[in-house]
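Some notes on the structure that comes next.
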Amino acid sequence: MNNSGNPGGHEPQIIPRPDHNVTRREFSRGALKVLYKLHEAGFQAFLVGGCVRDAMLELHPKDFDVATNATPDEVRALFNNSRLIGRRFRLAHVRFGREIIEVATFRAAANHSDDDHAHDDEGRIIRDNVYGAIEEDVWRRDFTCNALYYNIADYSIWDYVGGVEDVRQKRLVLIGDPEQRLREDPVRMLRAVRFAAKLDFTIDAPVVTAMRHHYHLLSNVPAARIFDEFLKLFQSGHAETTFDLLREHRLFGEMFPATEQELQGSADFEGFVRAALQNTDRRVAKGKSVTPMFLLAVFLWLPIKKLAEELRSKEKMSESQSLSVAAYEIVGQQQRRISIPKRFTVPMREVLALQPRFTGMKGRRAMNLLDHRRFRAAYDFMVLQSEVGLGDEAVAKFWTDVQTQTADERAASFQMQAAPGKKRRPRRRRRKKSDKPT
């Protein structure tokens, strides 16, 4: 189906329930309640986007977006458990316990001079907020696989852009002209990579060509938005594949320029990064928690380490001090591309500054490292380096063993006991002023 432009009143291909595999069992009770209530009130009600796509692929969707011709105020009036968000374009969030169903009114392209819209010098859409009908709403979406509408009225799927066939063929096709759509929103390049990695889809050739032309536009996107995309890219269980695709399409260097520079010159560093990505994917697969702090520390480690060495060559400071100062400097540079919140940058700097302390394995100060609030993350970072040949395996084994030892065994490991035949000298009591002779 031709999807190279906006045909206005284009009629959809309607796939009836017997001809598709999407079942209501794939949708949450909250999503179905919203759909049925809107429908019973006389409004159109569709599930749209990734939830329909994932249901077709039998990937068990977890997030559900509803599109309707009801205005935000009409949605708010229907649901006591809802609230409106957004200032320029309002959405309704309907809450069912911990689940939130997002309900959006159909939108249209801003094609008239009096419509609420704005672009920057590169063509990126800054603001575009106009209500419309479903046949207009579809052309605002990015990929054909994300532009499928599940109609609660008869359980059919409405397809305006050939998305059903693209899902079956496992290909990512942009709606409209790829060159224009990527200029409008360069983040679509990151979304293309994320969906390709998650779904094992092939990115359509015209989209790849447009990405080669416009990858540099990613630097125009607000840094806070890039951080949000970073979380989706690297914490969804496909971090290593995502990393490879980002580098293939020259996007990783736009996000992490200092890291990309070091990757090109160090196979060892790439091995370290890849090991961290694989570890993240394993944790996600097992349902364990992951923090962006750790991957950020890995990505920035070599640039920080090199700068720390430069600082020590110019000034007298400890290795830990130089790492802390270098981390502050590199993170400041990185913030221009990705706005990383302090709740991640502060612990990251602490984790990196702790790395030299693992080489000290004797005495009270060494043993106190076990009680440091960042010990576990710093330990994991150190062990990962040793596993890829960038750290001392004996040091990693020492710190692994002492964590399971008894108090006496641990004291012995850190050589805390007094030597045989020697008695500890008693501390000399300091004389108080009142005790001094007059």
- Query: More than 12 foreign heavy atoms under 6.0 Å from CD of Gln405: is that the case here?
  - Reply: yes
- Query: Take atom CZ in Arg250; do more than 12 heavy atoms of anything else shown fall under 6.0 Å from it?
  - Reply: no
- Task: Considering only NZ, NE, NH1 and NH2 on the basic side and carboxylate oxygens on the acidic side, decide whether Glu309 and Lys306 come within less than 4.0 Å.
- Result: no
- More than 12 heavy atoms from other groups under 6.0 Å of OH on Tyr328: no
- Item | Note: Asp54-Lys62 ion pair, threshold 4.0 Å (strictly below) | no
- Run the salt-bridge test on Glu270 and Arg274 with the 4.0 Å N-O cut-off and return the result as yes or no. yes
- Message: Can you tell whether the side chains of Asp142 and Arg188 come within less than 4.0 Å, N to carboxylate O?
- Response: no
- Item | Plane angle bin for Phe299 and Phe230 - parallel if under 30°, tilted between 30 and 60°, otherwise perpendicular | perpendicular
- Which heavy-atom pair separates Leu47 from Val52 by the least distance, and what is that distance? O-CG2, 3.4 Å
- Message: Assess the residue pair Phe143 and Ile175 against the criterion (side-chain contact (heavy atoms from CB on, under 4.5 Å)); give the C-alpha distance rounded to whole Å, side-chain angles, the decisive distance to 0.1 Å, and a yes or no.
- Response: CA-CA 5 Å; Phe143 297 97; Ile175 298 171; 5.9 Å; no
- Query: Salt-bridged, Glu136 to Arg140, with N to O below 4.0 Å?
  - Reply: no
- Message: Give me the atom names and distance for the closest heavy-atom approach of Met211 to Ile203.
- Response: SD-CG2, 4.4 Å
- Item | Ring centres under 6.0 angstrom apart (Phe414, Trp399) | yes
- So, Glu99 versus Ser28: side-chain donor-acceptor pair below 3.5 Å or not? yes
- Query: Quick check, are the ring centers of Tyr131 and Phe106 under 6.0 angstrom apart?
  - Reply: no
- Task: Please examine the side chains of Asn151 and Ser156, heavy atoms only from C-beta on, and report whether any two atoms are closer than 4.5 Å.
- Result: yes
- Query: Taking atom types as modelled, is there a side-chain donor on Thr280 or Gln235 under 3.5 Å from an acceptor on the other?
  - Reply: no
- State whether Asp401 and Lys397 are salt-bridged, where the test is any N-O pair (Lys NZ or Arg NE/NH1/NH2 against Asp/Glu carboxylate O) under 4.0 Å. yes
- Query: Is the NZ or CZ atom of Arg24 both under 6.0 Å from the centre of the six-membered ring of Tyr155 and within 45° of that ring's axis?
  - Reply: yes
- Task: Kindly say whether the aromatic ring centers of Phe272 and Phe381 come within a distance under 6.0 Å.
- Result: yes
- Please round to the nearest 0.5 Å and tell me the distance separating atom CG of Leu57 and atom CD of Glu26. 10.5 Å
- Message: Is the shortest side-chain heavy-atom distance between Phe234 and Leu246 below 4.5 Å?
- Response: yes
- Centroid-centroid distance, Phe27 to Tyr150, less than 6.0 Å: yes
- N-O pairing of Glu229 and Arg191 below 4.0 Å: no
- Will you find, in the side chains of Tyr379 and Thr400, an N or O donor that is under 3.5 Å from an N or O acceptor? yes
- Step through the shown structure and confirm whether more than 12 heavy atoms of other residues, nucleotides or ligands are within 6.0 Å of CG on Asp63. no
- Task: Verify the distance criterion only: is there a donor paired with an acceptor across the side chains of Glu254 and His216 at less than 3.5 Å?
- Result: no
- Task: Quick one: do Leu172 and Asp204 satisfy side-chain contact (heavy atoms from CB on, under 4.5 Å)? Show the steps, please.
- Result: CA-CA 6 Å; Leu172 277 172; Asp204 196 36; 5.7 Å; no
- Can you check side-chain contact (heavy atoms from CB on, under 4.5 Å) on Met255 and Arg337, steps first, answer last? CA-CA 6 Å; Met255 300 172 70; Arg337 301 299 180 99; 5.8 Å; no
- Query: Any side-chain heavy atom of Phe243 within less than 4.5 Å of one from Thr241?
  - Reply: no
- Residues Arg141 and Tyr149: side-chain donor-acceptor under 3.5 angstrom: yes
- Query: Think Arg53 forms a cation-pi with Phe195, using NZ or CZ under 6.0 Å from the six-ring centre and within 45 degrees of its axis?
  - Reply: yes
- Run the numbers on Arg376 and Asp380 for salt bridge (Lys or Arg N to Asp or Glu O under 4.0 Å), then give the verdict. CA-CA 6 Å; Arg376 187 68 210 184; Asp380 289 342; 3.5 Å; yes
- Message: Within the 3.5 Å criterion, strictly below it, is a donor on Gln13 or Trp158 matched to an acceptor on the partner's side chain?
- Response: no
- Walk me through it: do Leu354 and Phe375 pass the test side-chain contact (heavy atoms from CB on, under 4.5 Å)? CA-CA 8 Å; Leu354 285 176; Phe375 170 79; 5.8 Å; no
- Message: I'd like to know whether CZ of Arg83 has more than 12 heavy-atom contacts from other residues, nucleotides or ligands below 6.0 angstrom.
- Response: no
